[in-house]
Amino acid sequence: MTLPPEPETANAPLARQPVLFLPHGGGPCFFMDWPETWDRMAAFLRSVSQTLPQKPDAILVVSGHWETAVPTVTATAQPPLIYDYYGFPPHTYHLRYPAPGSPALAAQVQALLTAAGIPNAANAERGLDHGVFIPFMLAFEAADIPVVELSLQHHLDPAAHLRIGQALAPLRDRNVLIIGTGLTYHNLRHFMGQDRDSDALSHAFDAWLVAAVCAPEAERTTALKQWEAAPGARICHPREDHLLPLMVAAGAAGRDRGVQTYRDTVMGKALSGFRFG
């Protein structure tokens, strides 16, 4: 007699989560009347959760909007929102994203950083800045996945942030999704202007960045450490706070090759998003 196949159980091993770098737009851009400018980015963000192997148990996110002396995690069970944008319509200061936090994940992050010899800290009061809740309102609309945010370091050293990502890579096997949010072009003075030279440089930098991110691990790491040598680097990023979350993501990727999952031109500037694994 042929026996029926073993039923799948709730204890079946979960697939490893990828690592993502997501564009977060400009301020609360997806929730105001800004016709067509951000539509493609919004559609991309809404598709993100459908590309994952399974629903994550938690999300660890690095935003371009929080810097500290040492890597610091939010450790509150109910993180508030930080409306750290200015001059936008009044209703955008009443947006809600009631995702829970995860003190347990915050403790795991600290343990991994400590094991790697990286000084770190926790903040039991800080909430989620707009670099997190604005894109997550589209990407994870239900707000039912616990979110912990990790800060950048003030010195913005790319090698240090790659190392932080490397230390946190084991979280991927614990069904934790690691995300960096920022923008691959972030020069606000040029963003709103009609500057063909800066437009061209943004496309040159984007092409370099795509090649670097999609290279094998060793080549990727070397290139990202030397990102300032890329064409138009300091025009595209006068200050690299919005690029450094990509370094953390790339560090957590390990041997997984990067793939460009989003490409668009917004106000003349090339923008990209990436996935590893």
Side-chain angles (χ1 to χ4, degrees), residues 15-26 29-30 37-53 56 59 61-64 131 134-136 138-140 158 161-162 165-166 169 172 177-187 191 198-233 235-237 240-277:
R16 191 184 201 205
Q17 287 289 352
V19 186
L20 308 179
F21 176 78
L22 302 180
H24 64 44
C29 60
F30 310 117
T37 302
W38 303 99
D39 285 358
R40 289 185 63 189
M41 187 181 293
F44 165 71
L45 291 170
R46 289 190 182 99
S47 74
V48 165
S49 65
Q50 303 305 312
T51 69
L52 302 177
I59 298 173
V61 58
V62 182
S63 156
I134 291 295
F136 279 25
L138 300 180
F140 307 99
H161 289 85
L162 284 158
Q166 291 165 357
R172 299 175 59 194
L177 179 63
I178 299 174
I179 299 178
T181 78
L183 286 173
T184 53
Y185 181 95
H186 195 251
N187 183 329
F191 223 139
S198 64
D199 289 356
L201 286 173
S202 82
H203 286 269
F205 179 78
D206 190 71
W208 177 91
L209 188 63
V210 171
V213 169
C214 298
E217 180 186 14
E219 295 175 32
R220 178 182 74 216
T221 299
T222 298
L224 292 178
K225 286 179 181 178
Q226 301 170 358
W227 74 272
E228 289 181 272
I235 295 296
C236 297
H237 291 279
E240 56 268 41
D241 49 336
H242 277 60
L243 185 64
L244 266 292
L246 175 58
M247 309 298 183
V248 179
R255 295 180 180 178
D256 290 338
R257 296 279 285 265
V259 176
Q260 186 187 33
T261 51
Y262 167 80
R263 179 182 178 86
D264 198 4
T265 299
V266 177
M267 293 181 282
K269 309 303 188 291
L271 297 176
S272 290
F274 298 100
R275 174 185 173 126
F276 304 87

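If you read the sequence from its start, that first residue is 1, and numbering goes on from there. Below, each value reflects all heavy atoms present in this structure, side chains not excepted, and no hydrogens, waters or symmetry copies.
Taking the six-membered ring for Trp and thresholds of 30 and 60 degrees, Phe21 and Phe274 have ring planes inclined between 30 and 60 degrees apart.
Residues Leu224 and Leu209 are in side-chain contact: their nearest non-hydrogen atoms beyond the backbone lie under 4.5 Å apart. You'll find the side chain of Gln260 stays beyond 4.5 Å of the side chain of Val213, heavy atoms only. The shortest distance between side-chain heavy atoms of Asp241 and His186 falls below 4.5 Å.
Distance alone, capped at 3.5 Å, is enough to place a donor-acceptor pair between the Ser47 side chain and the Phe44 backbone. In this structure, Arg257 contributes its side chain and Cys214 its backbone to a donor-acceptor pair below 3.5 Å. A donor-acceptor pair is defined here as one N or O able to donate and one able to accept, closer than 3.5 Å; no such pair exists between the side chain of Ser49 and the backbone of Phe140. Not a single donor-acceptor pair under 3.5 Å links the side chain of Arg263 to the backbone N or O of Ser272. Between the side chain of Arg40 and the main chain of Tyr262, no donor-acceptor pair closer than 3.5 Å is present. A donor-acceptor pair under 3.5 Å is absent between the side-chain atoms of Thr222 and the main chain of Glu219, judged by distance alone. Between the side chain of His24 and the main chain of Gly180, no donor-acceptor pair closer than 3.5 Å is present. Not a single donor-acceptor pair under 3.5 Å links the side chain of Asp264 to the backbone N or O of Leu271.
We find the CD1-CD1 distance between Ile59 and Ile178 to be 11.5 Å, quoted to the nearest 0.5 Å. Note that CG of Leu201 is 12.5 Å distant from CG of Asp206, once rounded to the nearest 0.5 Å. The CH2 atom of Trp227 sits 7.0 Å away from the CE atom of Met247 when rounded to the nearest 0.5 Å. In this structure, Phe30 CZ and Ile134 CD1 are separated by 8.0 Å, a value rounded to the nearest 0.5 Å. The distance from the OG1 atom of Thr184 to the NE2 atom of His242 is 11.0 Å, given to the nearest 0.5 Å.
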*side chain to side chain contact (heavy atoms under 4.5 Å, CB included) between Thr51 and Leu20, worked out*: CA-CA 11 Å; Thr51 69; Leu20 308 179; 5.5 Å; no
*Any chance you could lay out the side chain to side chain contact (heavy atoms under 4.5 Å, CB included) test for Thr37 and Met267, step after step, and finish with the verdict?*
CA-CA 7 Å; Thr37 302; Met267 293 181 282; 4.2 Å; yes
_CA sep, side-chain torsions, deciding dist, call: Arg172, Val19, side chain to side chain contact (heavy atoms under 4.5 Å, CB included)_ = CA-CA 8 Å; Arg172 299 175 59 194; Val19 186; 3.4 Å; yes
*Passes side chain to side chain contact (heavy atoms under 4.5 Å, CB included), Leu52 versus Gln17? Steps please.*
CA-CA 7 Å; Leu52 302 177; Gln17 287 289 352; 4.0 Å; yes
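Listed here is the closest heavy atom pair of His237 and Leu183: CE1-O, 3.2 Å. Of all non-hydrogen atoms in Ala223 and Trp208, the two that sit nearest each other are O-CH2, 3.4 Å. Shown here for Thr181 and Gly131, the closest heavy-atom pair between the two residues is OG1-O, 2.6 Å. Of all non-hydrogen atoms in Trp38 and Gly25, the two that sit nearest each other are CZ3-CA, 3.7 Å. In plain terms, the two heavy atoms of Asp199 and His203 that are nearest each other are O-CD2, 3.0 Å. Shortest non-hydrogen contact noted between Pro53 and Pro18 is CD-CD, 3.7 Å.
When each of Arg220, Arg16, Arg275 is paired with Asp256, the salt bridge (charged side-chain N to carboxylate O under 4.0 Å, His left out) condition holds for Arg16 and for no other.
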